[in-house]
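Everything below concerns the one structure shown next.
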Amino acid sequence: GFENSTGTMGNAYTGVLSVGTTPNVTNFNRGVVVFNSVFVPGDPDVEVLGSGDEELFSTTLPFDVKFYGVTYPAGSTVKISTNGFLSFDPSITLPYFSNVLIPSTSAPNAILAIWWDDNFVLGSIRHKVIGSAPNRKWVILFDRVRRYGLTATGGNAKFQIIIYEQTSSTGDNKIVFSYNTTDFGSATPNATIGIENQGGNTGLPYTGSRITGTQPNISAILPNTSIL
């Protein structure tokens with residue numbers, strides 16, 4: 001797990017991240033983290049990938065990342081979709097707006113699905129490395145996200161994938177999903193949250209099902225909370 005500098009905020013992981021075929025919500029532990037508000041205009045260390053609807057961006061890993069036992073070296077290409085996921089699979093070419101349950105062998109695989117849904121990014125997706133080796137963290141920010149709809153209005157969701165250079169007890173790098181605001185506008189969300197391995201046969205869904213506006217599970221994702 002991790003905690004802030006004063007020990008007043010933190011989060012702990014209670015399950016085994018890399019193994020198991022039927023994980024459930026008990027594998028995640030919600031907590032409160034300080035949202036990384038480091039993305040100020042003109043910051044030379046920030047890379048802006050873009051915004052919009054049905055976009056898939058390419059970028060490279062700033063350090064080695066081990067995920068489900070597979071090490072992706074620094075400089076490897078990863079894909080980031082406006083539809084709320086990151087994939088370590090460089091071969092994918094689509095943004096995949098139609099989310100499915102985790103795990104699934106259908107593409108995309110090797111994913112971190114922080115809010116996989118049919119999204120429209122009004123602000124931008126941008127990222128930055130914080131800290132110095134061997135304690136860096138790579139923060140990928142989705143800024144001002146709306147659930148897509150022809151007549152949808154509003155939407156100011158903001159959330160981050162945080163990948164730590166440090167590893168967990170499993171040997172994989174620590175990964176945090178951090179949510180600052182969860183206002184997705186007037187269209188009803190229908191999101192998948194969780195992680196999935198390279199073959200799509202093992203995964204860790206946050207709720208075991210999609211999160212929709214009519215299910216009580218959506219209350220599990222509150223502003224200024226995180227899951228590890």
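- Proximity of a side-chain donor or acceptor of Asp64 to a complementary backbone N or O of Thr71 within less than 3.5 Å is not detected.
- Checking side-chain atoms of Ser76 against main-chain N and O of Pro73 turns up a donor-acceptor pair under 3.5 Å.
- To the nearest 0.5 Å, atom CD1 of residue Ile80 and atom CG of residue Leu112 are 9.5 Å apart.
- For the side chain to side chain donor-acceptor pair (under 3.5 Å) test, no residue two or more places apart in sequence or in another chain qualifies with Tyr96.
- At least one side-chain heavy atom of Phe67 sits less than 4.5 Å from a side-chain heavy atom of Ile175.
- A donor-acceptor pair under 3.5 Å is absent between the side-chain atoms of Asp117 and the main chain of Asn119, judged by distance alone.
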Please evaluate residues Asp143 and Lys158 with respect to the criterion salt bridge (Lys or Arg N to Asp or Glu O under 4.0 Å), reporting the C-alpha separation (whole Å), side-chain torsions for both, the decisive distance (0.1 Å), and the verdict. CA-CA 5 Å; Asp143 186 19; Lys158 182 182 293 188; 3.6 Å; yes
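- Without hydrogens or angle criteria, Lys128 side chain to Asp45 main chain gives no donor-acceptor distance under 3.5 Å.
- Considering every non-hydrogen atom in both Ile92 and Leu56, the closest pair reads O-CD2, 3.6 Å.
- Between the side chain of Arg146 and the main chain of Gly154, a donor-acceptor pair closer than 3.5 Å is present.
- Taking 4.5 Å as the limit, every side-chain heavy atom of Pro103 sits out of range of all side-chain heavy atoms of Asn197.
- Using a 4.5 Å cut-off between side-chain heavy atoms of Ile, Leu, Val, Met, Phe, Trp and Tyr, with links allowed through other members, Ile140 and Leu61 fall into the same hydrophobic cluster.
- The shortest side-chain heavy-atom distance between Thr59 and Val78 falls under the 4.5 Å cut-off.
- Here the shortest heavy-atom pairing between Phe177 and Ala113 reads CE1-O, 3.4 Å.
- Side-chain N or O atoms of Ser124 include none that pairs as donor or acceptor with a backbone N or O of Arg126 at under 3.5 Å.
- Between Ser81 and Phe142 the shortest heavy-atom distance is O-CE2, 3.3 Å.
- Taking each heavy atom of Lys66 and Asn173 in turn, the nearest pair found is N-OD1, 2.7 Å.
- As a member of the Ile/Leu/Val/Met/Phe/Trp/Tyr network built from side-chain separations under 4.5 Å, Tyr148 groups with Phe120, Leu122, Leu150.
- A donor atom on one side chain and an acceptor atom on the other are found under 3.5 Å apart for Asn109 and Glu196.
- Remark: the Asp89 side chain and the Ser91 side chain contain an N/O donor-acceptor pair separated by less than 3.5 Å.
- Minimum interatomic distance between Gly75 and Thr60 (heavy atoms only, all atoms of both residues): O-CG2, 3.5 Å.
- When side chains are defined from C-beta on, Ile111 counts as touching Trp116, because their heavy atoms get closer than 4.5 Å.
- In this structure, the side chain of Thr82 engages the main chain of Glu55 through a donor-acceptor pair within 3.5 Å.
- Closest approach of Ala152 to Ser186, counting heavy atoms only: CA-OG, 3.3 Å.
- Taken to the nearest 0.5 Å, the CD atom of Gln198 stands 9.0 Å off from the CG atom of Asn201.
- Judged as a side chain to side chain donor-acceptor pair (under 3.5 Å), and not counting sequence neighbours, the contacts of Asn83 are Glu54.
- Judged by distance alone, with hydrogens and angles left aside, the side-chain atoms of Thr181 form a donor-acceptor pair with the main-chain N or O of Asn156 at under 3.5 Å.
- Taking the side chain as every heavy atom from C-beta outward, Trp115 and Val145 never approach each other to under 4.5 Å.
- Inter-residue side-chain proximity for Asn190 and Arg147 is flagged as met; some heavy-atom pair is nearer than 4.5 Å.
- In this structure the side chain of Thr192 never reaches within 4.5 angstrom of the side chain of Phe85, judged on heavy atoms.
- The line from OG of Ser58 to NZ of Lys79 is 4.0 Å long, rounded to the nearest 0.5 Å.
- Residues His127 and Leu49 are in side-chain contact: their nearest non-hydrogen atoms beyond the backbone lie under 4.5 Å apart.
- Ring pair Tyr179/Phe159 is tilted by interplanar angle, where 30° to 60° counts as tilted.
- Using a 3.5 Å distance cut-off with no hydrogens or angles, the side chains of Asn180 and Gln160 do not pair a donor with an acceptor.
- Grouping the Ile, Leu, Val, Met, Phe, Trp and Tyr side chains by contacts below 4.5 angstrom, directly or via other members, places Phe97 apart from Leu86.
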Can you list the steps and then say if Gln166 with Asn135 is a side chain to side chain donor-acceptor pair (under 3.5 Å)? CA-CA 6 Å; Gln166 295 174 327; Asn135 299 307; 2.8 Å; yes
